[in-house]
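Reviewing the structure listed below.
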2 protein chains.
Amino acid sequence: MARRGAYAKGVAKREEILTAALEVIAREGYGGASVRELADAVGLSQAGLLHYFGTKEELFAAVLRKRDETDLARVEERMGESSTFEAFRQTIARNADVPGLIQLYVRLSAEATDPEHPAHAFFAERTRTFRELVAGDLRRMQAAGTARADLDAEQAAMLILATADGLQVQWLMDPTIDMAEHVSELLRLLEPPAAPTEA
Amino acid sequence: MARRGAYAKGVAKREEILTAALEVIAREGYGGASVRELADAVGLSQAGLLHYFGTKEELFAAVLRKRDETDLARVEERMGESSTFEAFRQTIARNADVPGLIQLYVRLSAEATDPEHPAHAFFAERTRTFRELVAGDLRRMQAAGTARADLDAEQAAMLILATADGLQVQWLMDPTIDMAEHVSELLRLLEPPAAPTEA
DNA sequence: GTCTATATTGGGATAGAC
DNA sequence: GTCTATCCCAATATAGAC
């Protein structure tokens, strides 16, 4: 406890670095976000920055981990106010407003595809968690009659995750597309077929 | 015509390079596929290889362009034997058997997200073509009653493309998942809701 | 068409002082 | 915790000979 002050400072600095990283990516692009650029953005030297995060990849993974935590907290906080899927839609829409975030996610996840990559475990775990979470929601919805009964919840969860991933690539290529809208379309397909439309 | 021989040799060499590129990526990973590695694989020097393709990115884009051409030709060839969607499913399944190809696609498309990237135009055009092709098929299916009538064909086409993209990332992270199976699931969701299941 | 050699750059990481 | 200095490496691309 005697070191509370110093510890708190370290935490604050880390946060500052994570925020600055997004600014740099937004400004210079993921490719231009070298350790030096990142360090400059927070007024540190290269070595100074690497004191907080051993490598660039770890730093980047930390940005995404923090985003996930923030997003999840917000969703839980609003629990009940809207459906899980609506919350999901909103999260996507909000993240699309943070320049650099999507680019970071797409580029880093593509690289972390390599099992040797420092962020590989992070993404693998993230996928597992996400799939379980969504599959659980789907099962509840199926029980409540708000999701098609003929779905494999696990498989549909994977579909949702994959679609969200793919839309981010498409959005970066052409930012005029509306990711949230497209995801909504997929989610709509998971609903029970509308009442037999008075045949 | 007098230069037919030399020209033909150049073409053959290019083909050889494209094939070797996939071998290198499969062996060393996308990250390990430097111009030098690529050159070694065909028994050329760095400079020798760059004589055929100005830059590494152009070479890589050429690999994917060739794949698209091959895939499209095969699909057209089998026209009528199976539905468009079944052909799509088969194409995905087959490509998953070419190690390196998916990795190349995922990594390069993520990088080409940057408008300045040499392969950006290739991917943008590819998306446009694909979307039109699939949207057209969907409209035909709607007219024939084999696709839900309440779909926006353009939007559904985007959904299919995005899902295919995202599944490739997921597959690289965990190659035990069955991409074709997941795509089939999505396509099934686009079918008209099964006959009202004798209510 | 192909090679050798090299220009040039830029990056991540580390050693060691303060 | 933070900096300066530097190391070290790799990679792309080009120049120019054969």
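Note that the coordinates shown come from a computational prediction; the quantities given were computed from them, not determined experimentally. So that the names make sense, note that chain A is the first sequence line, chain B the second, and so on, each numbered from 1.
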| said: Please report the distance, rounded to the nearest Å, between NZ in B/K56 and P in D/dA11. | reply: 8 Å
All N/O pairs under 3.5 Å across the protein-nucleotides 15-18 of chain D interface:
none

| note | Which of C/dA13, C/dC3, D/dT4 is nearest the side chain of A/S45? It is D/dT4
| said: For residues 88-99 of chain B, which residue pairs pass the salt bridge (charged side-chain N to carboxylate O under 4.0 Å, His left out) check, not counting sequence neighbours? | reply: B/D71-B/R94, B/E86-B/R89
| said: Apply side chain to side chain contact (heavy atoms under 4.5 Å, CB included) to residues B/L101 and B/I25 and explain how you reach the verdict. | reply: CA-CA 8 Å; B/L101 198 45; B/I25 292 171; over 6 Å; no
| query | Between C/dT4 atom C1' and B/D40 atom CG, what is the distance in whole Å? | reply | 14 Å
| request: For B/R139 and B/E154, run side chain to side chain contact (heavy atoms under 4.5 Å, CB included): C-alpha distance rounded to whole Å, both residues' side-chain angles, the deciding distance at 0.1 Å, then the answer. | output: CA-CA 9 Å; B/R139 276 189 224 97; B/E154 293 289 339; 3.0 Å; yes
| query | When you measure from every atom of DNA chain D, which of residues 13-24 of chain B have a heavy atom less than 4.0 Å away? | reply | none
| said: Counting C-beta onward and ignoring hydrogens, is there a side-chain heavy-atom pair between A/L159 and B/E185 closer than 4.5 Å? | reply: yes
| Who pairs with A/D68 by salt bridge (charged side-chain N to carboxylate O under 4.0 Å, His left out), at least two apart in sequence or on another chain? | A/R126
| task | Please check if the side chain of A/Q46 supplies one atom and the backbone of A/V35 the other of a donor-acceptor pair under 3.5 Å. | result | no
| task | Can you tell me the distance, in whole Å, between the CD atom of B/E58 and the C1' atom of D/dA13? | result | 12 Å
| field | Distance in angstrom units between A/F60 CZ and C/dG11 C1', rounded | value | 13 Å
| task | Could you tell me the separation between the CD atom of A/E57 and the C1' atom of C/dG11, rounded to a whole number of Å? | result | 12 Å
| Does anything in residues 27-39 of chain B reach DNA chain D, meaning a heavy atom under 4.0 Å, and if so which residues? | B/S34, B/V35, B/R36
| query | Quick one: do B/K13 and B/E16 make a salt bridge, cutoff under 4.0 Å? | reply | yes
| request: May I ask you to check whether B/F60 and B/Y30 place their ring centres under 6.0 Å from each other? | output: yes
| Starting at CG of A/L49 and ending at P of D/dC3, how long is that distance when rounded to a whole Å? | 10 Å
| remark: When rounded to whole Å, the CG to C1' distance for the pair A/L50 and C/dT14 reads 10 Å
| message | Expressed as a whole number of angstroms, how long is the span from B/H51:NE2 to D/dT12:P? | response | 19 Å
| said: Please check: side-chain N/O of B/T146 versus main-chain N/O of B/M141, any donor-acceptor pairing under 3.5 Å? | reply: yes
| query | Step by step, would you call A/Y105 with A/D165 a side chain to side chain donor-acceptor pair (under 3.5 Å)? | reply | CA-CA 9 Å; A/Y105 179 83; A/D165 280 7; 2.8 Å; yes
| remark: For A/E191, the salt bridge (charged side-chain N to carboxylate O under 4.0 Å, His left out) test, sequence neighbours excluded, returns none
